[in-house]
S.K.: 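Got a structure for you, written out below as structure tokens; questions coming shortly.
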Amino acid sequence: MSDPGNCTASLLKEEDATAGRPDNRQLCEENKDNEDFSDISDSELQQLQDTAEKGDRSLPEIKNKRTEDGTSLESIDVNAESGEDLYQDGTRERDILRRKRKQEVGTPLEKYSLRYLTVTDICSQVWCEQQMVYKMELPALVEKSAAMSEGSSIHLARELEVHDIVSVTTKTREDSWAIKCLNILAMIPVLQSGGRVREFPIFAELDGLYVVGVIDELGYSSKGELELRELKTRASPTLPGSSQKRSHEMQVFLYKLIFDRMVSGDLQPDVIMQHLKLRPEQELGSQVKEHAITSDLNVSTFRDVLELTCLNLTYSDLPMIDSLKLEYCFQGDGSLLGCEEVTFQKEKVLEQLTFNLSYWKGLREVQGVDIEDAWKCRMCEYSSICEWRAQKTRSIALRTLNKRLK
DNA sequence: ATTGCTGAATGG
């Protein structure tokens, strides 16, 4: 490994990833015969009304068996093969934490005990907010699709082209955040020398909320502009529809928003630690320290690494992101389907963000999709229990009924 | 808090 700038952070956990995983296949099959909100037959009308009055909503019982030894192994990167096992594990972990600590009152953020949101959380909110909320409440219902696994491995393959991978065991939450910092510290010089990096960790406070993410790729364009590239692999050889593109655009917009903050010296160690409830004096784990030493960094507590990172970001004179590109590739043969530059309109992005965050702050109720986007429900794991959908269906049914009575 | 706080992104 000649270039220390080529390491990224990741995490490994629990060996028996598949144990206790509920089989969702049947549920997914069932969802196939769900129709749009419209097109309701006469016989269904009465049924719908009955159901509506009863308020029937049978939630399937979800069990989360899990080994309780709790030993966690974190690493500075994935030893390949990450795909499914890690995903399933992570999901169950989040599931347990959220459901255990679920409170009946407070803002959604408090209800799900979230100290931060991820960029993906906000993007799935753009796709369907109601679905995103169900994912928080009942994550076990989602099964990773083949397209998603394929996407993950393509991304991993690309990452391996530019990164060496080193695993590191961690003991504390501070250790995992220290790894993010170490990776940032390693990537800064690569960017300064005009190089290319993948999986750049980002985090910043947006509108009072902490948002965390990972930038797929950063590099320089032929014009010498700092360019963000987000690879989207597609199961079919087609470009995404407008609805899906909207969510992709939001993703890169948020990346830029956060990255720009980071390089303009907006990051304050104390604010970060307060927000994320990290202990500044926490001594770093031996493996983390070891890695820091090989990178010639003299650090012993979490505060040391975080402060060093904030200072580096502030004074390394990295540019803000000039260009945002969405790159679509076909999973089948790897062919490029299209690459488009999206224009960052700050006002619009902030407006969208404010709307999304207002849900988390408890300023408004959850919203599902509009009728014209009801096609999304056909591939949604939660359509059979969806309150929003039921309500929409009901209101349309009643409207149809009224028309007929006229 | 009884023991208590998350790899993010993957695609539609």
Side-chain angles (χ1 to χ4, degrees), chain A residues 8-14 68 70 72-78 82-84 86-103 109-110 112-124 126-128 131 136 139 142-159 168 170 172-177 179-180 183 198-203 210-217 230-236 238 240-248 251 254-255 258 275-279 328-331 369 373 375-381:
Chain A
T8 2
S10 230
L11 180 139
L12 293 165
K13 271 193 148 183
E14 280 185 309
E68 291 294 334
S72 81
L73 176 76
E74 240 164 307
S75 83
I76 222 163
D77 225 71
V78 189
S82 61
E84 268 185 53
L86 294 175
Y87 174 81
Q88 292 176 350
D89 250 2
T91 304
R92 284 190 294 134
E93 190 68 29
R94 253 171 107 126
D95 184 17
I96 290 156
L97 290 170
R98 278 175 189 154
R99 296 181 66 207
K100 234 182 179 174
R101 303 188 179 124
K102 190 174 157 183
Q103 295 159 15
L109 213 58
E110 291 160 349
Y112 303 111
S113 302
L114 299 174
R115 277 196 290 245
Y116 61 81
L117 291 177
T118 68
V119 169
T120 358
D121 286 336
I122 301 175
C123 293
S124 29
V126 173
W127 174 262
C128 175
Q131 184 196 45
M136 294 266 175
V142 231
E143 189 163 297
K144 196 182 181 184
S145 65
M148 282 164 103
S149 307
E150 183 59 19
S152 296
S153 61
I154 293 172
H155 272 264
L156 181 62
R158 288 230 188 172
E159 191 193 343
V168 170
T170 61
T172 59
R173 236 154 34 85
E174 284 76 9
D175 277 349
S176 353
W177 280 87
I179 286 172
K180 277 190 211 289
N183 285 323
R198 291 192 73 100
E199 310 280 301
F200 189 100
I202 50 159
F203 43 91
Y210 234 82
V211 184
V212 177
V214 177
I215 295 178
D216 191 29
E217 182 172 348
E230 171 64 35
L231 171 69
K232 292 289 170 208
T233 70
R234 315 251 323 142
S236 67
T238 54
S242 59
S243 197
Q244 196 161 29
K245 238 186 72 183
R246 232 165 67 82
S247 144
H248 294 161
Q251 191 180 350
L254 289 171
Y255 287 154
I258 298 170
H275 248 290
L276 304 172
K277 300 223 162 59
L278 294 164
R279 298 156 293 185
Y328 294 100
C329 283
F330 179 41
Q331 290 184 348
V369 295
D373 280 337
W375 53 270
K376 289 176 182 172
C377 305
R378 291 191 190 188
M379 44 199 173
C380 177
E381 297 88 341

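Predicted model only: the values in this text are computed from it and were never measured. Just so we're on the same page: letters track the sequence lines, and every chain starts at 1. Just so you know, these numbers use all the heavy atoms, side chains as well, and skip hydrogens, waters and symmetry mates.
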S.K.: Residues two or more places apart in sequence or in another chain: which of them pass ring-ring contact (aromatic ring centres under 6.0 Å, His included) with His248(A)?
M.R.: Tyr328(A)
S.K.: If you measure from the Lys or Arg side-chain nitrogens to the Asp or Glu carboxylate oxygens, is any gap between Arg198(A) and Glu217(A) under 4.0 Å?
M.R.: yes
S.K.: dC5(B) C1' sits how many Å from Asp121(A) CG, rounded?
M.R.: 15 Å
S.K.: What's the CD-P distance between Gln331(A) and dG12(B), to the nearest Å?
M.R.: 7 Å
S.K.: In whole angstrom, what separates Glu150(A)'s CD from dG12(B)'s P?
M.R.: 11 Å
S.K.: Just how far, in rounded Å, is C1' of dT10(B) from CD of Glu381(A)?
M.R.: 13 Å
S.K.: Rounded to whole angstrom units, what separation is found between the CE atom of Met148(A) and the P atom of dG11(B)?
M.R.: 8 Å
S.K.: Name the nucleic acid region contacted by Ser153(A), choosing base, sugar-phosphate or nothing; use a 4.0 angstrom heavy-atom cut-off, strictly under.
M.R.: nothing
S.K.: Rounded to the Å, how far apart are Tyr328(A) OH and dT10(B) P?
M.R.: 11 Å
S.K.: For the residue pair Trp177(A) and Tyr116(A), does the interplanar ring angle fall in the parallel (under 30°), tilted (30 to 60°) or perpendicular (over 60°) class?
M.R.: perpendicular
S.K.: Quick one: is dA9(B) close enough that its OP1 or OP2 comes under 4.0 Å of any side-chain N or O from Tyr255(A)?
M.R.: yes
S.K.: Rounded to whole Å, please give me the gap between CD in Glu159(A) and C1' in dA8(B).
M.R.: 12 Å
S.K.: Classify Lys277(A) by what it touches in the nucleic acid, base, sugar-phosphate, or nothing, heavy-atom distance under 4.0 Å.
M.R.: nothing
S.K.: Between Arg234(A) and dG11(B), is there a contact of a side-chain N or O with OP1 or OP2 at under 4.0 Å?
M.R.: no
S.K.: Can you tell me whether the side chain of Gln131(A) and the base of dG12(B) have a donor-acceptor pair closer than 3.5 Å?
M.R.: yes
